Amino acid sequence: MIKKLFLCILTTSIVSFAMPTSEYLDAFVAHYKIPATSALATKSCAVCHVSADDFEFNPYGESLKGKMKELKKEAVDGTVLAALDSADADGDGTPNSEEIAANTLPGDPKSGAKPGVAVAEPAPKKPESMIPKNAFHPAIVHFPIALFIAGLILDALGLFKNDKTLLLAGWYNLIFAAVTAFGGIASGVMAMVFKGYPLAGKVQNHLLLATISTVLMWAMISMRLHKHEKMNVTQRVIYYLLAIIAFFLISWAGHVGGDLVYG
Ligand code: HEC
Ligand SMILES: [Ca+2]
């Protein structure tokens with residue numbers, strides 16, 4: 001039963017891991033036959049978004065989104081792109097298609113402006129919130145991860161040396177890890193909302209892995225509660241199995257998270 005559940009979770013994770021998140025970039029690159037090493041290609045998501053880390057729209061992305069709606073298209077394709085060729089999304093005097101042909105950014109007035117065209121100042125930014133867009137998530141997530149791993153090491157040492165103090169320390173680390181994991185999930189969900197990430201692809205995968213790891217930690221706590229060294233052999237085996245899987249998933253979650261932020 002448990003084995004089936006984990007197999008199921010593992011397969012879902014692997015499947016969503018492989019989901020594409022860059023179809024629009026691919027469509028753009030294919031339509032304009034942009035060489036992989038060109039300046040535009042290396043801009044990647046920032047051709048249409050604010051940056052590779054902030055998926056709000058730049059003027060070009062905004063106009064593509066509008067054009068999709070207008071043409072009732074489900075995705076950015078050649079028709080949507082071509083419909084904006086003669087438009088000038090960023091208002092710098094150079095039409096989009098000319099900018100793309102010249103390897104400049106159609107969504108950035110500082111890039112590819114026609115000489116003599118006054119570059120429009122971007123609209124004044126809303127005052128930044130005190131809470132950064134990542135909602136301190138990168139800092140907070142280190143607590144559950146570090147505490148959990150330290151807890152496992154203390155437990156292993158405690159078992160090896162038959163030392164109750166070490167085992168107790170391991171137990172408290174596990175509890176603090178499981179409690180701070182909620183902070184990790186909460187800040188992660190906030191970061192997702194602030195940054196405009198959709199709940200799909202890597203983001204979904206990351207949240208799924210983090211949630212399962214947290215559930216496993218609480219399962220470990222509930223097994224160990226009141227029992228500790230009085231767990232029977234089967235319980236012990238299940239406990240360490242949970243520990244190994246949680247360790248694996250939490251590392252994987254961290255890897256996917258790092259991948260999200262640093263590409
Ligand atoms: C050719 C332009 C283009 C490129 C390049 C592009 N996107 Fe987008 N992206 C769009 C458009 C247009 C939408 C809106 C789609 C819609 O409304 O259905 C969008 C939507 C999104 C959204 C949903 C956000 C929201 O507010 O709707 C995310 C996240 C996203 N893109 C991520 C990426 C990532 C990651 C990359 C780089 C791998 C990328 N995009 C490259 C045009 C682009
Ligand atoms: Ca332009």
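Predicted, not measured: the structure shown is a model, and the values here were computed from it. For this chain, numbers begin at 1 and follow the sequence in order. Remember, it's 1-based here, ligands and their atoms both numbered in the order they're listed. Every heavy atom of this structure was used, including side-chain atoms; hydrogens, water molecules and symmetry mates were not.
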key: Heteroatom distance test (His49, ligand 1): nitrogen or oxygen, under 3.5 angstrom   = yes

inquiry  = I'd like to know if Tyr60 contacts ligand 1, where contact means a heavy-atom distance under 4.0 Å to any ligand atom.
reply    = no

task = Scan residues 167-192 for pairs that pass side-chain hydrogen bond (donor to acceptor under 3.5 Å, both in side chains), counting only residues two or more places apart or in two chains.
result = His137-Ser187

inquiry  = Heavy atom to atom 34 (C) of ligand 1, shortest distance: which of Cys45, Gly61, Ala41 holds it?
reply    = Cys45

Atoms of ligand 1 close to Phe28 [distance to a heavy atom under 4.0 angstrom, numbered from 1] = 1 (C)

key: Ionic contact status for Glu62 with Lys67, cut-off 4.0 Å   = no

ask   = Is the shortest side-chain N to carboxylate O distance from Glu98 to Lys114 below 4.0 Å?
value = yes

inquiry  = Run Leu81 and Val76 through side chain to side chain contact (heavy atoms under 4.5 Å, CB included) and show every step you take.
reply    = CA-CA 7 Å; Leu81 290 166; Val76 171; 3.9 Å; yes

task = Please assess Glu99 against Thr104 for the test side chain to side chain donor-acceptor pair (under 3.5 Å), listing each intermediate value before the final yes or no.
result = CA-CA 5 Å; Glu99 292 224 34; Thr104 60; 2.9 Å; yes

note = If we number the atoms of ligand 1 from 1 as shown, the ones under 4.0 Å from a heavy atom of Leu64 are 1 (C), 2 (C), 12 (C)

request  = Identify, by atom number and element, the atoms of ligand 1 in contact range of Val76, meaning under 4.0 Å from any of its heavy atoms.
outcome  = 12 (C)

request  = Mark yes when over 12 heavy atoms from residues, nucleotides or ligands other than Phe176 sit less than 6.0 Å from its CZ; otherwise mark no.
outcome  = no

inquiry  = More than 12 heavy atoms of other residues, nucleotides or ligands under 6.0 Å from OH of Tyr239: yes or no?
reply    = yes

request  = Could you tell me whether Lys133 and Asp54 have a side-chain N and a carboxylate O separated by less than 4.0 Å?
outcome  = yes

key: Proximal ligand 1 atoms for Leu25, defined as those under 4.0 Å from one of its heavy atoms   = 5 (C)

ask   = By residue and atom, what protein N/O/S atoms are less than 3.0 Å from the Ca ion (ligand 2)?
value = Asp88 OD1, Asp90 OD1, Asp92 OD1, Thr94 O, Glu99 OE2

ask   = If you look only at pairs with a residue in residues 144-155, which of them pass as a side-chain hydrogen bond (donor to acceptor under 3.5 Å, both in side chains), with sequence neighbours excluded?
value = Asp155-Arg224

key: Glu74 and ligand 1 - part of the residue with a heavy-atom distance under 4.0 Å   = neither

request  = Considering the heavy atoms of Gly196, write down every atom of ligand 1 situated less than 4.0 Å from one of them.
outcome  = 24 (C)

request  = Please check if the distance between the ring centroids of Phe247 and Phe148 is under 6.0 Å.
outcome  = no

ask   = Looking only at non-hydrogen atoms, which of Cys48, Ala46, Pro198 approaches atom 43 (C) of ligand 1 most closely?
value = Cys48

Residue pairs involving residues 29-39 (criterion side-chain hydrogen bond (donor to acceptor under 3.5 Å, both in side chains); sequence neighbours excluded) = Tyr32-Asp85

